[in-house]
Amino acid sequence: ELASAVRLAPEQQDTRRMLALYYISRNEYAKAIDVLKKGIRGERTDAVLYYLMAESFLRQNNLNEALKYFVKTKETDPKYDLASLKIASVFFMQGKQEQGAQELRDLLDHSPDNGQALLMLASFAEMNGKESDARKYFGRAGETGTPDGVIAAAQYYQRTNDAERALQVLKDGINKSPGNVVLYE
């Protein structure tokens, strides 16, 4: 039904994406990529299509093609933060840690409160013994007020024997989101 709908109305991007997602869910990546490529129009909305192609390559463990299409996603829509996160992840998987970290820092230039980027940079810094950077990024992640950021920051401070700061981060998070039960736990 979806394939017929795409043939009858090829300009309908939502239907095209649904068909591609169907193929991806069935591990039919070549079909998904083909459907997505045929939908490219040279517009900003192509970013989603490139992203789904990159995900298809990533699921096949083809890191180079995945990276190529995540980069195309970012070129098509520079504010597509998820593409930058994925590019950084691919770099980390390829052992190109500094390139991955730089991609995350670039992401923070236009999305300074991106919790995932902050936590990835914080973990990277902690792993490499850069405690001042780890403290800075965990602190900023906690300031976002997101449960993941608050909890990760509190856990970091607890690991570094700064229980007072850990409790303060949790209290600040609760003040920002008083209805979030996870922070009370």
Please determine whether residues [X] and [Y] belong to a single hydrophobic cluster, defined as Ile, Leu, Val, Met, Phe, Trp and Tyr linked transitively by side-chain heavy-atom distances below 4.5 Å.
{"X": "Val6", "Y": "Leu8", "result": "no"}
{"X": "Leu167", "Y": "Ile151", "result": "no"}
{"X": "Leu119", "Y": "Leu82", "result": "no"}
{"X": "Val169", "Y": "Val182", "result": "yes"}
{"X": "Met53", "Y": "Val35", "result": "no"}

With a 3.5 Å cut-off and no angle check, do the side chains of [X] and [Y] form a donor-acceptor pair?
{"X": "Thr76", "Y": "Asp46", "value": "no"}
{"X": "Gln168", "Y": "Arg165", "value": "no"}
{"X": "Ser56", "Y": "Arg59", "value": "no"}

So, [X] side chain and [Y] main chain: donor-acceptor pair closer than 3.5 Å or not?
{"X": "Arg16", "Y": "Glu11", "answer": "no"}
{"X": "Thr146", "Y": "Gly149", "answer": "yes"}
{"X": "Asn128", "Y": "Lys130", "answer": "no"}
{"X": "Lys176", "Y": "Glu143", "answer": "yes"}

Reported [atom1]-to-[atom2] distance for the pair [X] and [Y], which is rounded to 0.5 angstrom:
{"X": "Leu107", "Y": "Leu85", "atom1": "CG", "atom2": "CG", "result": "5.5 Å"}
{"X": "Tyr51", "Y": "Thr73", "atom1": "OH", "atom2": "OG1", "result": "8.0 Å"}
{"X": "Gln12", "Y": "Asp14", "atom1": "CD", "atom2": "CG", "result": "7.0 Å"}
{"X": "Leu118", "Y": "Asp148", "atom1": "CG", "atom2": "CG", "result": "12.0 Å"}
{"X": "Leu52", "Y": "Leu58", "atom1": "CG", "atom2": "CG", "result": "12.0 Å"}
{"X": "Asn114", "Y": "Met120", "atom1": "CG", "atom2": "CE", "result": "9.5 Å"}

Would you mind telling me which of Tyr29, Tyr22, Tyr23 makes a side-chain hydrogen bond (donor to acceptor under 3.5 Å, both in side chains) with Arg26?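 It is Tyr22, the one option of Tyr29, Tyr22, Tyr23 that forms the side-chain hydrogen bond (donor to acceptor under 3.5 Å, both in side chains) with Arg26.
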When you compare the side chain of [Y] with that of [X], does any pair of heavy atoms fall below 4.5 Å?
{"X": "Lys31", "Y": "Leu19", "value": "no"}
{"X": "Gln60", "Y": "Ile33", "value": "yes"}
{"X": "Asp81", "Y": "His110", "value": "yes"}
{"X": "Tyr80", "Y": "Val48", "value": "yes"}
{"X": "Val71", "Y": "Glu75", "value": "yes"}
{"X": "Asp113", "Y": "Leu108", "value": "no"}

Phe124 and ring pair (Phe, Tyr, Trp, His ring centres under 6.0 Å): which single residue from Phe91, Phe92, Phe138 fits?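 By the ring pair (Phe, Tyr, Trp, His ring centres under 6.0 Å) criterion, Phe124 pairs with just one of Phe91, Phe92, Phe138: Phe92.
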Quick one: do Gln102 and Asp106 satisfy side chain to side chain donor-acceptor pair (under 3.5 Å)? Show the steps, please. CA-CA 6 Å; Gln102 186 57 51; Asp106 292 345; 2.8 Å; yes
Closest non-hydrogen atom pair, [X] against [Y]:
{"X": "Leu121", "Y": "Ala101", "answer": "CD2-O, 3.6 Å"}
{"X": "Ala20", "Y": "Ala32", "answer": "O-CB, 3.6 Å"}
{"X": "Ala166", "Y": "Ala154", "answer": "CB-O, 3.4 Å"}
{"X": "Pro147", "Y": "Asn180", "answer": "CG-ND2, 2.8 Å"}
{"X": "Ser177", "Y": "Gly145", "answer": "OG-O, 3.8 Å"}

Between [Y] and [X], does any NZ, NE, NH1 or NH2 come within less than 4.0 Å of an OD or OE carboxylate oxygen?
{"X": "Lys38", "Y": "Asp34", "result": "yes"}
{"X": "Lys68", "Y": "Glu65", "result": "yes"}
{"X": "Glu103", "Y": "Lys74", "result": "yes"}
{"X": "Arg135", "Y": "Glu126", "result": "no"}
{"X": "Arg105", "Y": "Glu98", "result": "yes"}

Report the C-alpha distance between Gln94 and Asn64 in whole Å, list the side-chain angles of each, state the deciding distance to 0.1 Å, and finish with yes or no for side chain to side chain donor-acceptor pair (under 3.5 Å). CA-CA 9 Å; Gln94 292 177 327; Asn64 291 330; 3.2 Å; yes
Suppose we call two aromatic rings close when their centres sit under 6.0 Å apart. Are Phe57 and Tyr69 close by that rule?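 Yes.
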Between Thr15 and Leu2, is the side chain to side chain contact (heavy atoms under 4.5 Å, CB included) condition met? List the steps. CA-CA 7 Å; Thr15 308; Leu2 284 170; 4.0 Å; yes
Using a 6.0 Å cut-off, check whether atom CD of Gln116 has over 12 heavy atoms from anything other than its own residue.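 Result for CD/Gln116: open.
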